[in-house]
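Step one of this worksheet: look at the structure below.
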Amino acid sequence: KNKMLFVAVVVSFLALQVFSSSIEEDASLRGSLQKREDLIYSHNGKLGHFITETEFVSHIDIEAYPNGQVLTICGDVPPTGWITTGILTNYCASIWTISYIGRVIKRIDGYGVGTLVDVCGDTAPLGWVTTVIKTSYCGSIGTSYYIGRTIRRIDTYPIGTLIDICGDTAPTGWVTTAVKTSYCSSIGLSSFIGRTIQRIDNYPAGTTVDICGDAAPTGWVTTVIKSSYCASLGLTSYIGRTIKKTDGYPTGTTLDICGDNPPTGWITTVVKTSYCATVGLTSYFGRTILKVAD
């Protein structure tokens, strides 16, 4: 019974230590989970001090930090609005068989459109895209290696904006207009595809855009499928299309489409008796569609 009690006390003590010391700003604590009053911790999204093993005194909300603020954290991933810019070369804390990774993070949610930020190990968050993937790892620890990227904020660019990206696909509201014929980056055994993307989400009804490798997004239909591939890379060939925006058309509008089914609110009135396109070994049906509901 005494042995079982001792084990239970040890496990409870260790669980408390892990729970209450997830983020540290002082490198002197790496390798230890012992809390000290002179070090800053994160607990439930607040920064402050532990004055006892369980009593936490908050002195600043992490949301109060300015844009561009840099912090070193331990064992956590960056909160929303922050990104990892560096990985520490040694574990920031270890207990039994568990080791915790230290990161340098930066607040980026207040940056303006077009801002470039170098990140390490993270992918581009919502509203950002990857423009460069580095050809050497930005960090490693244990058996893990981390890829460095340059990301760009794009969420408030005007419609029609064109941007070259690397390794990402077009985000919502954007389409691929070109696929590069050589990889934009290679690291280790991975190679990454480069694309040119265009913002299209606020175009008026009837706008047409030529795309490469993508299907028509919601609110658009394919009117033309090109007879030759728009790009080839490795073993993959990409199909070119002309798409037209259908959102905003009035009821009763008719359109000729190629290779697509009618979107919600539209019906097929005619299926063409000859294919509208053939690419490689694939042929596509043409249709006339009618808008019957919003």
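These numbers come from the heavy atoms of this one structure, side chains and all, not from hydrogens, waters or symmetry mates. We number each residue from 1, following the sequence as shown.
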Before giving the answer on side chain to side chain contact (heavy atoms under 4.5 Å, CB included), spell out for N261 and R287 the whole-Å C-alpha distance, their side-chain angles and the decisive distance to 0.1 Å. CA-CA 8 Å; N261 291 315; R287 290 175 168 85; 3.6 Å; yes

Using the rule that Ile, Leu, Val, Met, Phe, Trp and Tyr join whenever any side-chain heavy atoms are under 4.5 Å apart, tell me whether Y91 and I87 fall into a single cluster. yes

Measuring from atom CD1 of I243 to atom OH of Y203, what distance do you get when rounded to the nearest 0.5 angstrom? 10.0 Å

From CD1 (I267) to CD1 (I289), nearest 0.5 Å: 10.0 Å

Test log, rule salt bridge (charged side-chain N to carboxylate O under 4.0 Å, His left out), inputs K272 and D256: CA-CA 10 Å; K272 305 300 177 70; D256 288 332; 3.4 Å; yes

When rounded to the nearest 0.5 angstrom, what distance separates CD1 in I225 from CD1 in I239? 6.5 Å

Pairing of D214 and R241 as salt bridge, 4.0 angstrom limit: no

Could you tell me which non-hydrogen atom of Y137 sits nearest to which non-hydrogen atom of G188, and how far apart they are? OH-CA, 3.7 Å

Please determine whether a side-chain nitrogen of the Lys or Arg among D76 and R103 lies less than 4.0 Å from a carboxylate oxygen of the Asp or Glu. no

When every non-hydrogen atom of C138 is compared with those of G121, the smallest separation belongs to SG-N, 3.9 Å

Start with the C-alpha gap between I257 and T222, add the side-chain angles, then the distance that decides, and say whether side chain to side chain contact (heavy atoms under 4.5 Å, CB included) holds. CA-CA 6 Å; I257 64 174; T222 301; 5.9 Å; no

Is a side-chain donor-acceptor pair under 3.5 Å present for K180 with T196? yes

Output the distance between atom OG1 (T150) and atom CD1 (I165), rounded to the nearest 0.5 Å. 14.0 Å

Donor-acceptor pair, distance only, cut-off 3.5 Å: does the side chain of T208 make one with the backbone of K244? no

Under 3.5 Å, is there a donor-acceptor pair between the side chain of K245 and the main chain of V221? no

Any chance you could measure T207, atom OG1, to N202, atom CG, to the nearest 0.5 Å? 10.5 Å

dist L255:CG -> T246:OG1 (nearest 0.5 Å) comes out at 7.5 Å

Please confirm whether the backbone N or O of I133 pairs with a side-chain atom of S185, one donor and one acceptor, at under 3.5 Å? yes

Between Y229 and Y238, is the ring centre distance below 6.0 Å? no

Do L290 and W220 belong together in a cluster built from hydrophobic side chains that touch within less than 4.5 Å? no

At their closest point, which heavy atom of C276 faces which heavy atom of G286, and how far apart are they? SG-N, 3.7 Å

Is the side chain of T242 donor-acceptor paired with the backbone N or O of D210 at a distance under 3.5 Å, no angle test? no

May I ask you to say whether D168 pairs ionically with R195, meaning some side-chain N is under 4.0 Å from a carboxylate O? no

Flag yes if more than 12 heavy atoms outside Y111 fall under 6.0 Å of its OH atom; otherwise flag no. yes

Looking just at side-chain N and O atoms, do Q198 and Y157 make a donor-acceptor pair shorter than 3.5 Å? no

Any chance OH of Y249 has more than 12 other-residue heavy atoms, nucleotides or ligands included, within less than 6.0 Å? yes

So do V179 and C212 actually touch side chain to side chain, heavy atoms under 4.5 Å? yes

